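Only one structure is covered here, and it is reproduced in the block below.
Worth knowing before you read on, the calculation uses all heavy atoms, side chains too, and leaves out hydrogens, waters and symmetry mates. Model, not experiment: these values are computed from the prediction.
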Amino acid sequence: MGHIAPHSPDGPRREAARPTEVDGFDNLMLLCPSCHRTIDKEPGLWPEPCLRAIKAEHEGWVVVERTRPEPRRPPGGEPAGIGGTVEIEGVAYHVAGDPEEERSADGTAIASRAFALTPEGGHVWIRRIAARSPGPAALEWRAALAGEAGLLAEALPGLPPRVAASVTPETAVLVTAVPSFTTLAGFYDGRGREAEAVRVLGAGVAGLCEGLASLHGRGLAHGAVSPDSIMTDRAGSLFLRDAGQAFSRPDQAAEPAEDVRRLAELIHVIVTGRPPIPLVSAAVLNPAVPERFAHALDRALSPDPAGRGHILELGEGLRI
């Protein structure tokens, strides 16, 4: 349990008005020990309005979950979704939140994606393909998942660690470790223009660029770099959630230069609050952005893919 306004006058977020009942319900929020340390260590990144918004959002989620009806069971013959628990080799992973699920056009397969907790409380990302009688879509999905599982088994720099993998006639499952359930979108929501946030972002992007470089070095591209496919730890370091579309069909594959451009675009939006504008530097749109940082973004956003440079050059240029 953590305090929003500080328990003592000289505590974190001391600029916030301390209520009469400083230990009252309205000034407390439920936090794990790691998150508690995070918000108190970096109070500038977790100000009072931000914490109150998170508390209100969670309380709303609790209300919704209490009224949610039981999930509809799939008709006979259709594969079931991921459910609340996934068990692999005797280890039970407990799904957190609502999974993302996609059914094949012929209804014979379902692809599920969800965050989950290990028995020890660790954070993982689970992909599961279920099919009663595999058709073309199921075989394609399974092949992509198997390809990613094989790559992650090599423990290449910057790519998510493989925790477990399982293949049966009806299912294929891949479990990878993530540093937390916090995405890039959630970590920098509404506060990326601050000078400290720009500094943390520039320092934190190194591991992410290293992961993309590992894919590019194998002739692959992520192809799905987005605010929700990038995870953060409590210090703001960024990591890939998975290999994206690296093992999709060749006719759908992206190019490494597109990963470079897309990452630069995401970072530009975070630090300026708007999409890139041709010939307008991020340093002009936000004086808190150093010229070196802005120049690295400008290069990576070049209309010419050959002029965008290597992903590691982008990461190096963003370091302040």
Q. Salt-bridged, Arg199 to Glu194, with N to O below 4.0 Å?
A. no
Q. Can you list the residues that meet the side chain to side chain donor-acceptor pair (under 3.5 Å) rule with Ser281, with sequence neighbours excluded?
A. none
(Q) Under a plain distance cut-off of 3.5 Å, with no hydrogens placed, do Asp228 and Ser226 share a side-chain donor-acceptor pair? (A) no
Q. Does the distance from a Lys or Arg side-chain N to an Asp or Glu carboxylate O, for Asp40 and Arg13, drop under 4.0 Å?
A. yes
Q) Using the ring of each side chain (for Trp, its six-membered ring), is Phe115 parallel, tilted or perpendicular to Phe181, with breaks at 30° and 60°? A) tilted
Q. Is the NZ or CZ atom of Arg191 positioned over Trp46's six-membered ring, under 6.0 angstrom from the centre and within 45° of the axis?
A. yes
**Q.** NZ/NE/NH1/NH2 to OD/OE distance under 4.0 Å, Glu101 and Arg113
**A.** no
Q. Can a donor-acceptor pair be found between the side chains of Ser302 and Asp304 at a distance below 3.5 Å?
A. no
Q) Can you check side chain to side chain donor-acceptor pair (under 3.5 Å) on Asp23 and His3, steps first, answer last? A) CA-CA 7 Å; Asp23 293 324; His3 289 83; 2.6 Å; yes
Q: Of all the heavy-atom pairs spanning Pro256 and Leu220, show the shortest one and how long it is.
A: CG-O, 3.9 Å
Q. Is any NZ, NE, NH1 or NH2 atom of the basic residue among Glu316 and Arg292 found under 4.0 Å from an Asp or Glu carboxylate oxygen of the other?
A. yes
Q.
Check this for me, if you would: do Arg308 and Glu313 make a salt bridge, where the nitrogen-to-carboxylate-oxygen distance has to be below 4.0 angstrom?
A. no
Q | Salt-bridge contact Glu258-Arg262 (side-chain N to carboxylate O under 4.0 Å) | A | no
Q: Show your working on salt bridge (charged side-chain N to carboxylate O under 4.0 Å, His left out) between Glu42 and Arg234 and close with a plain yes or no.
A: CA-CA 10 Å; Glu42 298 281 358; Arg234 61 177 180 267; over 6 Å; no
Q.
Walk me through whether Ile4 and Met29 qualify under side chain to side chain contact (heavy atoms under 4.5 Å, CB included).
A. CA-CA 7 Å; Ile4 297 176; Met29 61 189 302; 4.1 Å; yes
Q: Calculate, to the nearest 0.5 Å, the distance between atoms CG and CD1 belonging to Leu238 and Ile230 respectively.
A: 6.5 Å
**Q.** Candidate pair Arg261 and Glu255, rule salt bridge (charged side-chain N to carboxylate O under 4.0 Å, His left out), full reasoning
**A.** CA-CA 10 Å; Arg261 186 204 65 80; Glu255 293 294 327; over 6 Å; no
